[in-house]
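Step one of this worksheet: look at the structure below.
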Amino acid sequence: MNMQVNNQKDLLKKRRLPDHFSELIDALSDIVFQLDDQGCITYLYSEGEENPFDLHKEDVIGRELKEVFPVSVTHHLDNAFTEAQRQGKLQVVRFSVKQRGKEKNFEGRIIPTGGKNAHRKSAIVILRDITADVNSREYFNLIKKIFEESTEGMMIFSPRSNKVFFNEAFFRMFGLKLDENPGKRIEDFERFFKAEQFAMIRESIRKHGSYHGEATLIRPDGSRISVWLNYDRLQKVESDGDGTYEIAILTDISELQEFQEELHFSATHDVLTGLPNRRLLMNHLEQAIQRCVRNHRSGALFFIDLDDFKQVNDTLGHSAGDTVLTECAKRIRSAIRKSDIFGRLGGDEFLLIVEEIKSPDDLMHLAHKIINVVNQPFDVGGFQYHIGVSIGVATFPNDSTNREELLRYADMAMYQAKEQGKNRYRFYSNTLDQKLKRHSMIENILRYALENDGFYLVYQPKVDLNTNMLTGLEALIRIDEKIAGPLHPQEFIPIAEGSDLILKIGQWVFERCCQTMAQWKQEYQVNNIEISINLSPRQLMDGNFADFVERVLRKYGLDPTIIEFEIGETAFVQSQKASEHTIKKLQNIGCKISIDDFGTGYTSLATFKRYKVDKLKIDKSFIDEISLDGRDQSVVKASIALADAMDLKTVAIGIETDDQRQTLRLLGCKEMQGFLYSEPKRAPEILYLLLKER
Ligand code: C2E
Ligand code: MG
């Protein structure tokens, strides 16, 4: 303290202030004024660490308060001053002032020293900076509000003082009334948890002083709620002791969990049927395989596919389709054991996983049962509808222990069931796998051949049975041996027919054939030879095919009447509206239509009439034994008679021997095609034949 302050103290002493008053003042961090009767400052102490108003004795002694403080301060002090004088009593006033952009809080204490005398303004004024107090009180109130109003259940327990605080949410979560006593220590809460969960929580607190994790509270009424529990033992931060606080904060996560469960369900289940979806099924399959391997047992995967389901959607509409799917799912579910896993793979495909199979008979029995329940008529919008189902079965671990492979095998077997007539089941076998591998290899070869000019045409002559004169040719496709080795159309055409490849191949055949015909016509004046081209059902379904034919014929300047399209009898029987349209259009262009492989299907007379067919080609299977087998002879005889009656020509295919030729001639057949006359040959050799016959 400097000399000046000492003088001030002396002055105070002179004015008969209590003994030790000056020491008392020294101990304060406050600002202290003394005012004389006129209200002028006679003493100032503001030597504390802070001097918020930047007061200096030399500036303030002898002045009034209003000359020293800003208006905002004197305004508060003045009022208190007047009151203190009026009452002759200490007055306390609190006010806030902005200083350097910060809000500061002060408490002013005015002690009138002139008694109740309005003329004597003498007083002692003490100003104290209470900003920190105010802030901490505000902070406390805020924390209190958060604690009380929080939706998280909170408990704070001080073991040292044995005091515990709860908020309302805590009671609510535990299902307790506000006047009940929940407990204090972790042990008191044992009744709210499952034994093993509680043991885990307690162990974690014992070991680490905390637990952070999910828990399920079992309330007194038996209801349960899922919470996230944060339990911590905190060392007291304040310096006034060595105690700890135990703090529990509980967050209700039941809604979140429900949402998560819903999310999990929709991610693993099919929306329409509520059955497990592909993802979940594949998980189940993996587990089932592992279980079977472990326990030396067998399981099976059923790939179930509804037959012609597309037709249901197309003819009855999608909502009827949905009804059929849901009903099918229900029926299959009812036909299997509870422990079997059944789900929807997508579309009209379902998977069934069965374990603990004792014999293959069990599987056959189950497959029959499924086919049977699905085959029962469906009532769709008042109509009775029948649907078939094809099933492929692969077994594990026998066929494979790899789930993807098993799925593929079961799918292959299902595909085979479809191929063999639908509404049946097939077991996967290794040979089936070989077959399908070859299938996909051939598809690749066909694609390659299309892009790399790998096909060529051969032509097989048709001749008059009586005169042995050439009457026409059949164009037959071949694939370059350099690409695929010997690969016959009997093998690759059905594979091409399984996809759109046949459309491209068919177009290539037609265009190449027309090109050759045009060349022969132009260069050798060969222009009246009839040429037959084989058509696949898929080409007939292609709405653009007839237009393509017309365009190509025009491009090469060919007479459409030399073209004859051969349609297999079975394809013809099954032909639908779209094919009928193509056939009619081709006939309108001027092309002829003949029935190939006649005798293998059951075409009715009415069909021939409707389509105005030109020719029947009697299938080779009737010709092979014709000279020996009386039955074949009668079939061929009847066919020829039928054709004659309807003014159709007949051609017999596959004549290899003269006996066959003679028999057919006697039966009244007019035309033949076979190795006896000529095998299919490349264009130059056939041209040579044609020119030779001129
Ligand atoms: P398809 O239309 O019945 O053709 C007649 C088949 O009988 C030809 O077989 C021909 O080589 C064979 N053949 C003719 N005479 C005899 C004979 O005396 N003995 C024997 N053993 N066979 C004879 P290819 O060329 O192997 O064709 C098989 C089938 O492939 C054809 O049967 C046809 O359905 C299909 N095909 C061939 N080329 C094409 C094509 O360009 N497009 C379509 N869609 N199918 C084709
Ligand atoms: Mg043919």
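Only heavy atoms go into these numbers, but all of them, side chains included; no hydrogens, no water, no symmetry mates. We're numbering straight along the sequence, starting at 1. Counting starts at 1 for both ligands and their atoms, following the listed order.
Between Arg426 and Glu419 no salt bridge is recorded (no basic side-chain N to carboxylate O distance below 4.0 Å). Look at Lys462 and Glu474 and you find no salt bridge, because none of the NZ, NE, NH1 or NH2 atoms lies under 4.0 Å from a carboxylate O.
Between the CZ atom of Phe427 and the OH atom of Tyr425 there is a distance of 6.0 Å, given to the nearest 0.5 Å.
For the Mg ion (ligand 2), the set of nearby N, O or S atoms under 2.8 Å includes one belonging to Asn534.
Within ligand 1, counting atoms from 1 as listed, the ones closer than 4.0 Å to a heavy atom of Val509 are 41 (O). Of all atoms in ligand 1, listed by their number and element, those nearer than 4.0 Å to a heavy atom of Asp597 are 3 (O). With ligand atoms numbered from 1 in the order given, ligand 1 contributes 15 (N), 18 (O) to contacts under 4.0 Å with heavy atoms of Gly674. Interface of Ser536 with ligand 1, defined as ligand atoms under 4.0 Å from a residue heavy atom, comprises 44 (N). Of all the atoms in ligand 1, the ones that sit under 4.0 Å from a non-hydrogen atom of Glu656 are 17 (C), 18 (O), 19 (N), 20 (C), 21 (N).
In terms of the side chain to side chain donor-acceptor pair (under 3.5 Å) criterion, residue partners of Thr395 (sequence neighbours excluded) are, by chain and number, Asp399.
Screening Ile304, Leu351, Thr273 for a side-chain contact (heavy atoms from CB on, under 4.5 Å) involving Arg344 leaves a single residue, Thr273.
Lys584 NZ: more than 12 foreign heavy atoms inside a 6.0 Å radius.
Given atom 37 (C) of ligand 1, the protein heavy atom at minimum distance is Leu476 CD2, 3.7 Å.
There is no protein heavy atom less than 4.0 angstrom from atom 32 (O) of ligand 1.
Heavy atoms of Lys620 approach ligand 1 to within less than 4.0 angstrom.
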